[in-house]
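Reckoned from all heavy atoms, side chains included, excluding hydrogens, waters and symmetry mates.
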Amino acid sequence: MSVVIKKYVNNRENNFTSDNILDTIFFIFDKITTQTKKSKEKFSSSFDHIHKNDNTHHKQDSEPEDDSTLSGSDTSSDDGHCCILDKYGIEDFVVLCYKCLDFDEHMLIMAMMNLERILEKDFVLTEQNIHKVFFLCMMEVHKYYNDVICYNKDYAKLCGISTDELLDLELEFMNYIDYNMNIPDDKYNIYKKNLHKFFDKNVIIQSTYL
């Protein structure tokens with residue numbers, strides 16, 4: 001478990017029980033994006049992170065200071081520049097979202113199941129789009145399965161994009177999953193078992209995107 005994850009675990013009031021699931025998810029992310037990078041093809045999507053200065057895809061790994069930026073000034077600008085995504089690598093970003101959205105292990109697994117549904121539609125996951133794609137996976141689970149009401153502007157601030165862009169991405173996301181957020185219990189249990197098996201035995205999950 002990374003130093004950053006331990007930092008958030010120690011600061012969390014209730015028990016953080018999903019560290020093994022997070023490690024597994026991050027390993028899967030690395031496997032997918034590494035394969036994408038090896039292909040040497042150029043992939044682009046509306047979920048890509050466009051850097052402000054050179055208009056190229058950008059991701060920077062850095063340790064987050066805290067989540068105080070979420071309650072401060074707006075984290076996005078009119079040119080589509082994502083300040084949050086400039087600061088956070090994918091691992092730190094997911095942990096931050098996990099903390100701020102008060103996620104639990106079950107919701108995290110359902111977010112991964114949503115991601116798999118997208119990838120089964122031939123969506124190519126890259127280092128440039130993984131932040132926004134998985135954020136949408138988490139956000140929709142949070143909206144559908146959580147009783148706490150959050151406004152779109154709050155989700156947008158957490159992701160570091162404008163509310164308009166968030167709504168556009170949400171529409172595209174829902175198209176990928178056929179506007180169906182229902183996850184049957186049997187499929188959930190199988191997927192959860194596979195994730196635990198992946199972590200415990202260090203074996204590759206037999207999945208279309210791996």
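- Ring orientation note: the planes of F29 and F134 are nearly perpendicular, at an angle over 60° on the 30°/60° scale.
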Test side chain to side chain contact (heavy atoms under 4.5 Å, CB included) on Q128 and F43; report intermediate values, then the result. CA-CA 9 Å; Q128 287 75 44; F43 303 101; over 6 Å; no

With side chain to side chain contact (heavy atoms under 4.5 Å, CB included) as the test, would you mind laying out the steps for K37 and T126 before giving the verdict? CA-CA 8 Å; K37 191 183 302 182; T126 69; over 6 Å; no

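- The distance from the CE atom of M112 to the CG atom of N194 is 11.0 Å, given to the nearest 0.5 Å.
- Remark: side-chain polar atoms of N146 are not paired, donor with acceptor, to backbone N or O of D102 under 3.5 angstrom.
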Please test T24 against F27 for side chain to side chain contact (heavy atoms under 4.5 Å, CB included), starting from the C-alpha separation and ending with a verdict. CA-CA 5 Å; T24 303; F27 183 80; 5.7 Å; no

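- Atom NZ of K193 sits about 8.5 Å away from atom CD1 of I190, to the nearest 0.5 Å.
- When every heavy atom of Y155 is checked against every heavy atom of F135, the shortest pair comes out as O-CZ, 3.2 Å.
- Note on Y179 and Y145: same hydrophobic cluster, where clusters join Ile, Leu, Val, Met, Phe, Trp and Tyr whose side-chain heavy atoms are under 4.5 Å apart, directly or indirectly.
- Residues passing the side-chain contact (heavy atoms from CB on, under 4.5 Å) test with Y188, sequence neighbours excluded: H106, I109, M110, M113, I183, K192.
- Other residues, nucleotides and ligands place no more than 12 heavy atoms under 6.0 Å from the OH atom of Y151.
- In this structure, Y176 and F47 have tilted ring planes: the angle between them lies in the 30° to 60° band.
- Using a distance-only test at 3.5 Å, with no hydrogens or angles considered, no donor-acceptor pair links the side chain of D30 to the main chain of F26.
- Proximity of V133 to F173: side-chain heavy atoms (C-beta onward) are nowhere separated by under 4.5 Å.
- K132 places no side-chain N or O within 3.5 Å of a backbone atom of H49 that could act as its donor or acceptor partner.
- The structure places SG of C159 at 11.0 Å from CE of M138, a figure rounded to the nearest 0.5 Å.
- Judged by distance alone, the side chain of T36 and the main-chain N or O of L125 form a donor-acceptor pair under 3.5 Å.
- D178 places no side-chain N or O within 3.5 Å of a backbone atom of N180 that could act as its donor or acceptor partner.
- Between V141 and Y144, the closest side-chain pair of non-hydrogen atoms is not below 4.5 Å.
- Residues L22 and E91 form no side-chain contact, since every pair of their non-hydrogen atoms from C-beta on lies 4.5 Å or further apart.
- Counting only heavy atoms from C-beta outward, the side chains of C97 and F103 never approach each other to under 4.5 Å.
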Set out, in order, the CA-CA distance, both residues' side-chain angles and the distance that settles side chain to side chain contact (heavy atoms under 4.5 Å, CB included) for L119 and E116, then state yes or no. CA-CA 5 Å; L119 298 177; E116 180 158 359; 5.6 Å; no

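- Between the CG atom of L115 and the CD1 atom of I177 there is a distance of 11.5 Å, given to the nearest 0.5 Å.
- The environment of CD1 in I149 is sparse: at most 12 heavy-atom neighbours from other residues, nucleotides or ligands sit within 6.0 Å.
- Between V94 and I25 there is no side-chain heavy-atom pair separated by less than 4.5 Å.
- Judged as a salt bridge (Lys or Arg N to Asp or Glu O under 4.0 Å), and not counting sequence neighbours, the contacts of E170 are K143.
- Hydrophobic clustering of Ile, Leu, Val, Met, Phe, Trp and Tyr side chains at less than 4.5 Å, counting indirect connections, unites L171 with L169.
- The CG atom of L166 sits 6.5 Å away from atom CG of L136, with the distance rounded to the nearest 0.5 Å.
- Contact check for L101 versus M107: no side-chain heavy atoms found under the 4.5 Å cut-off.
- Side-chain contact between S39 and V124 is absent, with no heavy atoms from C-beta onward closer than 4.5 Å.
- Counting all heavy atoms, side chain and backbone alike, C150 lies closest to H142 at SG-CE1, 3.7 Å.
- Minimum interatomic distance between N114 and C137 (heavy atoms only, all atoms of both residues): ND2-O, 3.8 Å.
- In this structure, I118 CD1 and E172 CD are separated by 9.0 Å, a value rounded to the nearest 0.5 Å.
- The shortest heavy-atom contact between L195 and I21 is CB-CD1, 4.3 Å.
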